[in-house]
Amino acid sequence: MLADVHCHFFSSNFFQTLGADAMQAAPGGDPADALPQMLGWEAPGTDDELADRWRKEFDRHQVDRAMLIASVPGDEASVAAAARRHPNHIVGAFMFNPAADEAASRLERAFGQLGLRTACLFPAMHKVPVDDERSVAVFEAASRHHRAVFVHCGLLSIGIRKKLGLASRFDVRFGDPLAVAAVAARYPSVAVIIPHFGAGLFREALMAAHAAPNILLDTSSSNDWIRMYGGLTLRDVFARALDYLGPERLIFGTDSSFFPRGWQRGVCDIQRAILEDLAVAPTAQALVFGGNFSRVFGIQPSEH
Ligand SMILES: [Zn+2]
């Protein structure tokens with residue numbers, strides 16, 4: 001079983017929402033075609049077409065399951081369609097702005113009717129503290145619906161916004177793993193995922209996960225944040241996290257997002273090689289690369 005907890009679903013609606021911000025960059029035409037073309041990416045087409053594209057890609061790389069994230073607020077329906085189309089392969093997640101209008105009803109719809117499994121908070125982007133009551137309401141809803149919460153902490157850089165020259169006025173002070181721990185501790189049944197080992201706030205992410213046993217750290221992306229720490233390697237990061245938290249608390253991800261690049265096999269290969277090099281037991285590796293995903297999303301062994 002190989003499961004990837006961190007992939008992005010760049011739907012047509014995603015590009016159209018972004019296109020509203022990028023009109024100078026993409027004069028005329030449908031942003032769902034024009035923006036990918038500018039970037040040298042494939043246009044996503046319909047939600048079903050993009051879902052099939054991912055499914056084919058997962059089959060090609062023998063990825064059994066993946067969590068796909070609708071990556072602008074308001075795009076819940078796209079990834080819900082993908083998860084409905086390939087329910088044994090795709091788990092749906094959605095970026096959520098807790099300060100948005102009608103946040104409570106949107107959240108109920110996403111977790112309820114649309115069946116999405118994870119709400120993704122980006123506090124540095126939406127400038128809502130994790131322990132603000134509007135964010136806490138997301139944990140509360142997740143608890144009622146048996147869903148998960150993902151909270152981006154630390155460094156935040158959105159590649160596509162950079163490439164399109166869109167302003168990204170993020171306030172990284174909001175992405176605090178210790179604030180995540182304070183709220184996660186109040187909702188112990190909710191799995192809480194902090195991506196990229198805390199994206200620079202590694203020590204704080206370890207502290208947070210120590211304080212709240214329902215916190216998992218995702219291993220996704222190139223983890224380029226390690227450049228801030230002289231001499232630190234990704235191997236060291238895995239060694240420290242495994243030693244301090246154990247294999248039940250690390251959940252594999254790649255941060256794959258667009259086509260034709262597709263699923264980032266290289267990220268997986270590097271992480272596998274590190275765990276082999278650290279002589280991590282096969283049973284522990286199986287947790288990181290799939291077992292923890294199954295536990296978080298309630299997938300039975302027979303369903304693999
Ligand atoms: Zn990501």
Side-chain angles (χ1 to χ4, degrees), residues 3-11 13-15 17-18 35-36 39 41 44 50 53-54 57-58 61 63 65-76 78-79 82-83 90-97 116-126 130 148-164 166 168 170 172 174-175 177 180 191-202 205 215-227 234 237 250-259 261-268 270-271 288 292-293 296-297:
D4 183 341
V5 81
H6 192 143
C7 296
H8 292 273
F9 195 71
F10 286 173
S11 66
N13 182 57
F14 167 83
F15 288 108
T17 306
L18 222 53
L35 293 186
L39 296 161
W41 298 356
L50 185 60
R53 185 78 170 93
W54 273 114
E57 183 74 353
F58 294 143
H61 290 288
V63 178
R65 285 175 196 265
M67 184 171 94
L68 291 175
I69 305 169
S71 301
V72 284
D75 194 33
E76 296 91 330
S78 76
V79 83
I90 296 173
V91 163
F94 58 104
M95 182 190 277
F96 187 71
N97 178 358
L116 298 180
R117 307 300 298 271
T118 305
C120 301
L121 302 179
F122 288 74
M125 183 187 295
H126 300 127
V130 181
V149 178
F150 161 116
V151 189
H152 189 103
C153 296
L155 288 177
L156 178 60
S157 144
I158 308 268
I160 183 170
R161 297 190 67 90
K162 258 191 191 158
K163 289 193 179 108
L164 293 171
L166 297 173
S168 296
F170 303 145
V172 294
F174 289 104
V180 178
V192 178
I193 299 163
I194 296 180
H196 324 306
F197 296 99
L201 296 175
F202 181 46
I215 290 179
L216 296 98
L217 307 185
D218 107 13
T219 66
S220 74
S221 88
S222 59
N223 284 295
D224 197 41
W225 59 265
I226 60 177
R227 289 196 296 129
L234 189 56
V237 170
L250 296 186
I251 186 163
F252 165 71
T254 58
D255 212 358
S256 300
S257 54
F258 62 86
F259 290 97
R261 184 180 70 176
W263 192 68
Q264 290 197 266
R265 155 136 247 127
V267 171
C268 182
I270 287 168
Q271 296 188 14
V288 175
N292 295 333
F293 186 102
V296 166
F297 297 111

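Note: hydrogens, waters and symmetry copies are ignored here, and every other heavy atom, side chains too, is used. No experiment lies behind these values; they were computed from the predicted model shown. Sequential numbering from 1 along the given sequence is applied to the chain's residues. Atoms within a ligand are numbered from 1 in the order they appear, just like the ligands themselves.
Among the atoms of His8, an N, O or S atom falls under 2.8 Å of the Zn ion (ligand 1). Counting backbone and side-chain atoms alike, His196 contributes no N/O/S atom closer than 2.8 Å to the Zn ion (ligand 1).
Atom NE2 is the N/O/S atom of His6 found closest to the Zn ion (ligand 1). As for Asp255, its N/O/S atom nearest the Zn ion (ligand 1) is the one called OD1.
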Is there a side chain to side chain contact (heavy atoms under 4.5 Å, CB included) between His6 and Ile69 once you walk through the steps? CA-CA 7 Å; His6 192 143; Ile69 305 169; 4.0 Å; yes
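A donor atom on one side chain and an acceptor atom on the other are not found under 3.5 Å apart for Ser78 and Asn13.
The CZ atom of Phe197 lies 9.5 Å from the CD1 atom of Ile226; values are rounded to the nearest 0.5 Å.
Figure legend: Arg53 and Phe259 shown as a cation-pi pair, the cationic atom lying under 6.0 angstrom from the six-membered ring centre and within 45 degrees of its axis.
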